Protein chains: 2
Amino acid sequence: METIFTTENLYNLLSGRIPSAFNRALLNQFKANGINLTKEQWSILAVLWKKDGCSQQVLADETYRDKPSITRLIDHLEKEGLAERRPDKKDRRLNLIFLTEQGRSLEEGAMKVVDQTVNSAVRDIDPEVIQLVRDTFIRIYNNLETKK
Amino acid sequence: METIFTTENLYNLLSGRIPSAFNRALLNQFKANGINLTKEQWSILAVLWKKDGCSQQVLADETYRDKPSITRLIDHLEKEGLAERRPDKKDRRLNLIFLTEQGRSLEEGAMKVVDQTVNSAVRDIDPEVIQLVRDTFIRIYNNLETKK
DNA sequence: TTTTTGTAGTTGCTTAAACAACCATTGTTA
DNA sequence: TAACAATGGTTGTTTAAGCAACTACAAAAA
């Protein structure tokens with residue numbers, strides 16, 4: 001295989017430096033706007049704002065986390081008063097997760113900040129290039145999932 | 001601003017799903033090859049293999065971590081017998097970090113696994129596209145650093 | 001040369017990820 | 001329907017990130 005890339009170059013691309021920087025920036029913007037959320041909490045809320053009342057397993061699938069991680073994130077959201085568990089009446093194995101009024105009220109402000117941060121990150125970059133980057137990442141993801 | 005992207009699309013690109021998948025894959029490959037390293041440990045060792053005897057601050061800069069994170073990662077590497085601290089004789093503020101024989105001996109095997117995993121991830125993708133993705137990510141990184 | 005400023009590293013705290021082991025409930029099948 | 005498998009969730013453990021507060025030392029400024 002002939003490429004102009006060293007393993008190290010590619011590793012840096014794949015290993016997550018940019019996402020770290022992005023997540024840091026997002027967190028700072030939250031803080032600067034008086035929104036008291038970790039990026040993990042926000043990622044859960046982002047699902048609930050669309051699918052209020054879904055199960056923990058759905059949250060795990062949507063946010064690419066395992067079940068224990070969700071258990072603890074929900075614990076934390078409950079403690080903060082942003083969401084609550086309610087047992088499913090039909091299937092008693094399930095917890096359904098509902099936003100509280102407070103959890104709902106964060107949506108507008110948080111989404112505005114995410115929007116600004118995302119747009120700031122990709123400013124001056126050709127949308128077609130962004131599209132290509134996305135497509136490439138999907139291919140990489142599939143390559144990783146389907147092993148070698 | 002007119003784009004075909006929703007904030008959510010872009011967020012998913014920027015927030016680190018692919019790196020998570022990559023890091024998971026790498027960890028699995030380490031394990032499958034009997035290499036007992038976390039990805040964090042490996043990322044420190046990767047610097048030391050090139051700059052044995054550098055300071056903790058250098059490790060922090062090279063791996064994009066803060067100083068406390070490095071303190072603890074080195075603690076752990078010392079406990080595992082892979083590296084050791086030696087005070088700098090000239091500047092007594094500094095610890096210089098040196099690989100042990102055992103730490104050095106991991107290089108070949110680990111790099112082979114990283115190499116395979118990286119190549120598997122980008123297989124069938126045009127090198128020019130990879131280059132463009134890299135360049136774009138560097139621009140995004142700079143956008144994030146120079147704030148809006 | 002004393003004071004001030006900066007740099008290197010550590011400790012404490014909160015939050016989270018990943019994995020294994022586990023319990024309860026539900027679904028399947030023999 | 002009784003045994004077994006699958007699903008949803010929790011707990012325990014290890015490892016790590018990120019921030020603030022701190023100590024020790026060095027360099028620069030007064």
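Nothing here was measured: the structure is a model prediction, and the numbers come from that model. Residue numbering restarts at 1 for every chain, and letters A, B, ... go by the order of the sequence lines.
Trp49(A) is not listed as a side-chain neighbour of Glu108(A), based on a closest heavy-atom distance of 4.5 Å or more. Side-chain contact between Leu96(B) and Arg85(B) is absent, with no heavy atoms from C-beta onward closer than 4.5 Å.
Where Lys90(A) and Glu80(A) meet DNA chain C, the nucleotide closest to each residue was compared, and Glu80(A) sits on the side nearer the 5' end. Nearer to the 5' terminus of DNA chain D, by closest-nucleotide assignment, is the contact made by Leu96(A) (compared with the other of Leu96(A) and Asp91(B)).
The local environment of CG in Asn33(A) is crowded, with over 12 non-hydrogen atoms from other residues, nucleotides or ligands closer than 6.0 Å. Atom CD of Glu101(A) has more than 12 heavy atoms from other residues, nucleotides or ligands within 6.0 Å.
Rounded to a whole Å, the CG atom of Leu59(A) is 18 Å from the P atom of dT7(D). Straight-line distance from the CG atom of Asn95(A) to the P atom of dT7(D): 18 Å, rounded to whole Å. Atom-to-atom, CG of Leu37(B) to C1' of dA16(D) comes out at 15 Å; the value is rounded to the nearest Å. If you measure from atom CD of Glu40(B) to atom P of dA16(D), you get 5 Å, rounded to the nearest angstrom. Note: NZ (Lys31(B)) to P (dA18(C)) measures 12 Å, nearest angstrom. Rounded to whole angstrom, the span from the OH atom of Tyr64(B) across to the C1' atom of dG18(D) amounts to 18 Å. Taking atom CD1 of residue Ile70(B) and atom P of nucleotide dA16(D), one finds them 11 Å apart after rounding to whole Å. Leu73(B) places its CG atom 14 Å from the P atom of dT11(C), with the value rounded to the nearest Å.
Out of dG9(C), dT10(D), dG12(C), the shortest distance to the side chain of Pro68(B) is found at dG12(C). Here dC19(D) is the nucleotide among dG9(D), dG9(C), dC19(D) with the atom lying nearest to any side-chain atom of Asn28(A). When the nucleotides dG9(D), dT15(C), dA17(D) are ranked by their closest atom to the side chain of His76(A), dT15(C) comes out on top. Of the candidate nucleotides dG8(D), dG9(C), dG18(D), dG8(D) has the atom nearest to the side chain of Lys67(A). Listed nucleotides dG9(D), dA18(C), dT10(C) differ in distance to Thr71(B); the shortest reach to its side chain belongs to dT10(C). Among dT15(C), dC25(D), dT10(D), the nucleotide with an atom closest to any side-chain atom of Arg85(A) is dT10(D). Comparing dA16(D), dC19(C), dG18(D) against the side chain of Asp66(A) picks out dC19(C) as the nearest. You'll find that the side chain of Arg72(B) is closest to dC13(C), out of dT10(C), dA17(C), dC13(C).
Checking Thr136(B) against Arg139(B) by side-chain atom types alone, no donor-acceptor pair falls below 3.5 Å.
Residue-to-nucleotide contacts include a donor-acceptor pair under 3.5 Å from the side chain of Arg93(A) to the base of dT7(D). No hydrogens or angles were tested; on distance alone, nothing pairs the side chain of Arg65(A) with the base of dG9(D) as donor and acceptor under 3.5 Å.
Centroid-to-centroid, the aromatic rings of Phe137(B) and Phe137(A) come within less than 6.0 Å.
An OP1 or OP2 oxygen of dT10(C) is reached within less than 4.0 angstrom by a side-chain nitrogen or oxygen of Gln56(B).
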